[in-house]
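As structure tokens, the structure follows; a few thoughts come after it.
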Protein chains: 2
Amino acid sequence: MKVYDRYWFALLALARAGALEGEVRISTITLAEMLNTSQQTASRYLMQLSRLGYIRRRMHKRGQYIRITKAGENALLEIYRDLREIFEKPKVIEITGEVFTGLGEGKYYLSIPHYIKQITEKLGFKPYPGTLNVRIKDEKSLMNRLLMETFKPTAYIHGFSNGKRTYGSAKCYLATINGVKEAAIICIERTHYGKDVVEIIAPVCLRERLGLKDGDLVKIQVKTSEAP
Amino acid sequence: MKVYDRYWFALLALARAGALEGEVRISTITLAEMLNTSQQTASRYLMQLSRLGYIRRRMHKRGQYIRITKAGENALLEIYRDLREIFEKPKVIEITGEVFTGLGEGKYYLSIPHYIKQITEKLGFKPYPGTLNVRIKDEKSLMNRLLMETFKPTAYIHGFSNGKRTYGSAKCYLATINGVKEAAIICIERTHYGKDVVEIIAPVCLRERLGLKDGDLVKIQVKTSEAP
DNA sequence: ATTACTAAATGGCGAGTAG
DNA sequence: TCTACTCGCCATTTAGTAA
């Protein structure tokens, strides 16, 4: 790495000038201006980058044409990936809302063996037969709920059909509820609730465990796993 | 730029170690190994980064705890955005919404010379004194609005203070409104609107130009910035 | 264990300039 | 014009070592 550090910004400048897509005409003076350095230094940088195989130069009587090679692109890409991981990956999305009593839809779903099996396998806990319904009141939480759904779910629960009717799929996101770490938001595909409602599953009855009653505020921290 | 080039990789290494999320225990020797350099150099880098305000160090008898500051994060973010622009094709983000009549906040802001001047300089047109207010109704647009804000604005309008009160900053994104190409979304930092509202500026009165009245649907196409 | 100072060695920078 | 060489200068590095 060491050796390339100092040429890295030169490569970035060339990329910005379009040298990834094709040959670009750039004088050493122009590059020097872009890097805020001298013409001589820019010239040296280009020589080194060429020697490293990161760029290809086509010299001309008056001017040169530069293009970044595959190797150079990979060098840039490597850092880009690092940064993307740093900035896009580890996000904790916070949602707060009020507990309310639902219509037993969650309870019904969580009594179907097909769902229980998949949830147990994919989330690592056997869900208590019932969901904790939370209604989002503030806008920030609503945004975060939408943002959450742009991330890849921790588990994807497949729907099925038994001939009589079809059962929808669902997405699960691991989350912490008021400090209880073993829980998940479950987004049932064809729920009759709006986007302002989230349903929580856990191996225990959260209402009892957290001593919750209707109208109580809960704080949900969703752990996203992958870039949107 | 010049001075910071060489600390950039050190900052990246610290970010990789998790120093963006919280304090991380890293010895100068460990950092030296990560950067493939000497312990002394790593030590110096940390001192410089600290002096630049990019990291905060908590020294201990045996060991130190390092965390990247907001300024450091921004330094990394800037390069990340550069790379994202280079590697991700410029996207057109679509937002649709309904026109509504605001409270004259936009009109007020666009009568302040300080703002007019900056907008004219940075966007290339003198804004009509008034904004077109659009309320987002659908979820897809709401998400796109959030996505938009992860991109670098076309222009950043700085806030100011005149002693009496402070005027917030704003971010502008060039956009096309119902086919009108010379327009921009302006995100005022301390607006009283929620994230479901966007305000549009243009050199002309868009309401007249497009024959809009309250409740009419408009289609906004935001151009995410491209490498210059 | 650590971090960081000092001083000597290394090597990058850029003015001048040739091709 | 352009690129890139030489060479004096000085910035960066690192071994040794103190705290």
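Just so it is clear: chains get the letters A, B, ... in the order the sequence lines come, proteins before strands, and each one is counted from 1.
- At whole-Å resolution of the value, CG in B:Leu35 and C1' in D:dT12 are 15 Å apart.
- Phosphate contact (OP1/OP2 of D:dC2, side-chain N/O of A:Arg57, threshold under 4.0 Å): absent.
- Annotation: side chain of B:Tyr115 is not in contact with side chain of B:Pro127 (no heavy-atom distance under 4.5 Å).
- Residues B:Ile95 and B:Lys219 fail the side-chain proximity criterion, which asks for heavy atoms closer than 4.5 Å.
- When the side-chain nitrogen and oxygen atoms of B:Thr37 are compared with OP1 and OP2 of D:dT14, one or more of them lie within a distance under 4.0 Å.
- For the helix from C:dT2-D:dA19 to C:dG19-D:dC2, the axis fitted to the five pairs at one end and the axis fitted to the five pairs at the other end meet at an angle of 40° (nearest 10 degrees).
- Between the CE atom of B:Met59 and the P atom of C:dC5 there is a distance of 10 Å, rounded to whole Å.
- Atom CH2 in B:Trp8 sits roughly 21 Å away from atom C1' in D:dT12 (whole-Å rounding).
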Residues B:Thr131, B:Glu199; criterion side chain to side chain donor-acceptor pair (under 3.5 Å); working and verdict: CA-CA 6 Å; B:Thr131 59; B:Glu199 296 186 79; 2.9 Å; yes
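- Note: CG (A:Leu31) to C1' (D:dT3) measures 13 Å, nearest angstrom.
- Side-chain contact between A:Leu123 and A:Ile201: present, with at least one pair of heavy atoms (C-beta onward) separated by less than 4.5 Å.
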Would B:Glu121 and B:Lys117 satisfy salt bridge (charged side-chain N to carboxylate O under 4.0 Å, His left out), going step by step from the backbone distance to the final call? CA-CA 6 Å; B:Glu121 275 170 14; B:Lys117 188 160 168 282; 3.6 Å; yes
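- In this structure, the ring of B:Phe160 has its center no less than 6.0 angstrom from the ring center of B:His158.
- The side-chain heavy atoms of A:Leu76 and A:Trp8, taken from C-beta on, include a pair separated by under 4.5 Å.
- Here B:Lys195 contributes atom NZ and B:Cys187 contributes atom SG; the two are 7.0 Å apart, rounded to the nearest 0.5 Å.
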Within the sub-3.5 Å range, which N or O atoms of nucleotides 9-12 of chain C have a protein N or O partner, and how far apart are they?
none

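- The cationic group of B:Arg84 does not satisfy the cation-pi geometry with B:Phe87, failing either the under 6.0 Å distance to the six-membered ring centre or the 45° limit from the ring axis.
- For A:Ser43 and D:dT3, the shortest distance from a side-chain N or O to OP1 or OP2 is not below 4.0 Å.
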Give me the distances for all protein-to-nucleotides 16-19 of chain D N/O pairs that come in under 3.5 Å?
unit_1, atom_1, unit_2, atom_2, d
D:dG16, O6, B:Gln40, NE2, 3.0

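- With no hydrogens or angles considered, no side-chain donor-acceptor pair links A:Ser38 and A:Arg44 at under 3.5 Å.
- For the pair B:Gln64 CD and C:dA4 C1', the interatomic distance rounds to 11 Å; values are reported in whole Å.
- Taking CD of B:Gln118 as the start and OH of B:Tyr156 as the end, the distance is 10.0 Å to the nearest 0.5 Å.
- Atom CE of B:Met47 and atom C1' of C:dT2 are 14 Å apart (whole Å).
- The side-chain heavy atoms of B:Ile157 and B:Lys122, taken from C-beta on, include a pair separated by under 4.5 Å.
- Between A:Tyr65 atom OH and D:dT3 atom C1' there is a gap of 15 Å when expressed in whole angstrom units.
- The phosphate of D:dT13 has neither OP1 nor OP2 within less than 4.0 Å of any side-chain N or O from B:Ser38.
- At whole-Å resolution of the value, CD1 in B:Ile26 and P in C:dA1 are 19 Å apart.
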